[in-house]
Amino acid sequence: MASHFALFVDLENCGGKKSMLMDVIERVKIRGDILIGKVYGYTDSYSDLKETLLSNTFSVVPSLRFGRNQKNSMDIQLVIDALDVAFRNELIDSFCIVSGDSDYVPLVGKLKSMGKFVLGISRSEAASGVFMNACSEFQFLESVTGSKERAAAPVGEALTLADVNSLIVTILGEGDSGEMLASEVKSVLLRLRPNFSEKSVGFSTFGKLLARLAQQFGDFSVASEQYNLIVSLNQAHGGGEQLTRENYVKVFARILAEYKEDGFDRVNPSILKSAVQAEYPDFTERQIGLRRFSDVLRSLERERLLSLETDEGGNMLVHIL
């Protein structure tokens, strides 16, 4: 059964970019229905978000510039709204809080004590360790949206076979096992793209569409098991380009540029390494003649692609130049 989410977004934390907000909404919709959505700190500078907010029935809490404690006021309002929903709306069983502020830890604790699932999402440079550990699950915003190609058509536009295939791969990749019933896949597809229909792409049944996509793209396989159709994500195969001493700077430069374009000025080193390993699963530091990932970062610093900083907790951050 799909979860029923209340989604609360701190626009200052997520950067307020349309693509970033859409990726967050998509990530939550893969898990369940968003029954309540609210963004905090809205100003006219975020006007490009209007269509996305309206089409997802979000409400906004404007940023009123008064006094020194504006941010605290927004934080308090989010806490009040979340608790109000938790106590009054019995349909909501899950919450997603897009912020990394440690001030929300008591809220998370209260929601969990009421039996609610709490998903936290935050950019790595602003994520508090205690908030991350308090959540039922936590994801870095860079992993949700950074360095990800938008292959599928935007909401409202007609989908192609390649678009549907890309969405299904994303859906399967979010699961624990990479395997789902075909009926579950279709349910999630409809949450992500309400205009989807197998007939609109030329197929009489969803099963026939899956069979064609599996044959044409090879990203997943379809099997029948006790009258159920099972869709399974295929394992990524090796044999592609490898990172070497000659090309690794160019590869890292491209990935860092993608993060910069997505609105991230600073990222956690582990996020950067994960992004590289997603493209090059066999990557190790020794392939490029270095011993540790910190050595890789220092070499990139010498190339003036980044500078290394530490946050208030003494954790290393990568500042993208």
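Note: hydrogens, waters and symmetry copies are ignored here, and every other heavy atom, side chains too, is used. None of these values were measured; they are calculated from a predicted model.
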Verdict with reasoning, Leu107 to Ile97, per side-chain contact (heavy atoms from CB on, under 4.5 Å):
CA-CA 10 Å; Leu107 169 64; Ile97 300 173; 3.8 Å; yes

Which word best sums up how the rings of Tyr259 and Phe264 line up, parallel for under 30°, tilted for 30 to 60°, or perpendicular for over 60°?
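Perpendicular: the ring planes of Tyr259 and Phe264 meet at over 60°.
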
Establish, from distance only, whether the side-chain atoms of [X] and [Y] form a donor-acceptor pair under 3.5 Å.
{"X": "Glu142", "Y": "Ser124", "value": "yes"}
{"X": "Tyr40", "Y": "Asp81", "value": "yes"}
{"X": "Asn268", "Y": "Ser270", "value": "yes"}
{"X": "Thr160", "Y": "Asp163", "value": "yes"}
{"X": "Tyr248", "Y": "Ser299", "value": "yes"}

[X] with [Y], same ILVMFWY side-chain cluster at under 4.5 Å:
{"X": "Ile255", "Y": "Leu321", "answer": "no"}
{"X": "Leu317", "Y": "Ile271", "answer": "no"}
{"X": "Ile230", "Y": "Leu210", "answer": "no"}

Is it true that atom [atom1] of [X] has more than 12 heavy atoms of other residues, nucleotides or ligands lying nearer than 6.0 Å?
{"X": "Lys50", "atom1": "NZ", "answer": "no"}
{"X": "Asp44", "atom1": "CG", "answer": "no"}
{"X": "Lys112", "atom1": "NZ", "answer": "yes"}
{"X": "Arg266", "atom1": "CZ", "answer": "yes"}

Pairwise distance [atom1]([X]) to [atom2]([Y]) - rounded to 0.5 angstrom:
{"X": "Phe206", "Y": "Leu229", "atom1": "CZ", "atom2": "CG", "value": "8.5 Å"}
{"X": "Asn315", "Y": "Glu309", "atom1": "CG", "atom2": "CD", "value": "13.0 Å"}
{"X": "Thr57", "Y": "Ile34", "atom1": "OG1", "atom2": "CD1", "value": "8.5 Å"}
{"X": "Arg212", "Y": "Gln215", "atom1": "CZ", "atom2": "CD", "value": "7.0 Å"}
{"X": "Leu272", "Y": "Gln277", "atom1": "CG", "atom2": "CD", "value": "10.0 Å"}
{"X": "Ile171", "Y": "Arg31", "atom1": "CD1", "atom2": "CZ", "value": "13.0 Å"}

Work out which heavy atom in [X] is nearest to a heavy atom in [Y]; give both atom names and the distance.
{"X": "Leu49", "Y": "Lys17", "result": "CD2-C, 3.8 Å"}
{"X": "Ser102", "Y": "Ser128", "result": "CB-OG, 3.3 Å"}
{"X": "Phe140", "Y": "Ala127", "result": "CE2-CB, 4.1 Å"}
{"X": "Asp48", "Y": "Ser45", "result": "OD1-O, 4.3 Å"}
{"X": "Ser204", "Y": "Lys208", "result": "OG-NZ, 3.4 Å"}
{"X": "Lys38", "Y": "Val61", "result": "CE-CG2, 3.7 Å"}

Run the numbers on Glu285 and Gln287 for side-chain hydrogen bond (donor to acceptor under 3.5 Å, both in side chains), then give the verdict.
CA-CA 5 Å; Glu285 291 82 354; Gln287 282 180 343; over 6 Å; no

Applying salt bridge (Lys or Arg N to Asp or Glu O under 4.0 Å), name anything that partners Asp93, two or more places apart in sequence or on another chain.
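For Asp93, no residue satisfies salt bridge (Lys or Arg N to Asp or Glu O under 4.0 Å) once neighbours in sequence are set aside.
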
For Glu261, salt bridge (Lys or Arg N to Asp or Glu O under 4.0 Å) partners two or more places apart
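Counting only residues at least two positions away or on another chain, Glu261 forms no salt bridge (Lys or Arg N to Asp or Glu O under 4.0 Å).
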
[Y] backbone acceptor or donor facing [X] side chain under 3.5 Å:
{"X": "Ser187", "Y": "Ser183", "result": "yes"}
{"X": "Glu184", "Y": "Leu181", "result": "yes"}
{"X": "Ser94", "Y": "Phe5", "result": "no"}
{"X": "His4", "Y": "Leu91", "result": "yes"}
{"X": "Lys116", "Y": "Ile92", "result": "yes"}
{"X": "Asp10", "Y": "Asp101", "result": "no"}
{"X": "Arg123", "Y": "Leu141", "result": "no"}
{"X": "Asp75", "Y": "Asp103", "result": "no"}
{"X": "Asp84", "Y": "Ile80", "result": "no"}
{"X": "Asp295", "Y": "Arg292", "result": "yes"}

Starting from the C-alpha separation in whole Å, work towards a yes-or-no answer on side-chain contact (heavy atoms from CB on, under 4.5 Å) for Leu159 and Ser200.
CA-CA 8 Å; Leu159 296 171; Ser200 68; over 6 Å; no

Does a side-chain heavy-atom distance below 4.5 Å link Leu119 with Phe95?
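With C-beta onward as the side chain, the pair stays apart.
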
Is the shortest side-chain heavy-atom distance between Thr43 and Leu11 below 4.5 Å?
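Not in contact.
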
Before accepting this row, confirm whether a basic side-chain N of the pair Glu26/Arg191 lies closer than 4.0 Å to the acidic partner's carboxylate O.
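Looking at Glu26 and Arg191, the cut-off is not met.
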
Would you check, one step at a time, whether the test side-chain hydrogen bond (donor to acceptor under 3.5 Å, both in side chains) holds for Glu179 with Ser232?
CA-CA 4 Å; Glu179 182 177 283; Ser232 304; 3.0 Å; yes

Can you check side-chain contact (heavy atoms from CB on, under 4.5 Å) on Val296 and Phe252, steps first, answer last?
CA-CA 10 Å; Val296 178; Phe252 274 90; 3.9 Å; yes

Give the intermediate values and the outcome of salt bridge (charged side-chain N to carboxylate O under 4.0 Å, His left out) for residues Arg254 and Glu279.
CA-CA 12 Å; Arg254 173 179 55 79; Glu279 293 190 31; 2.7 Å; yes

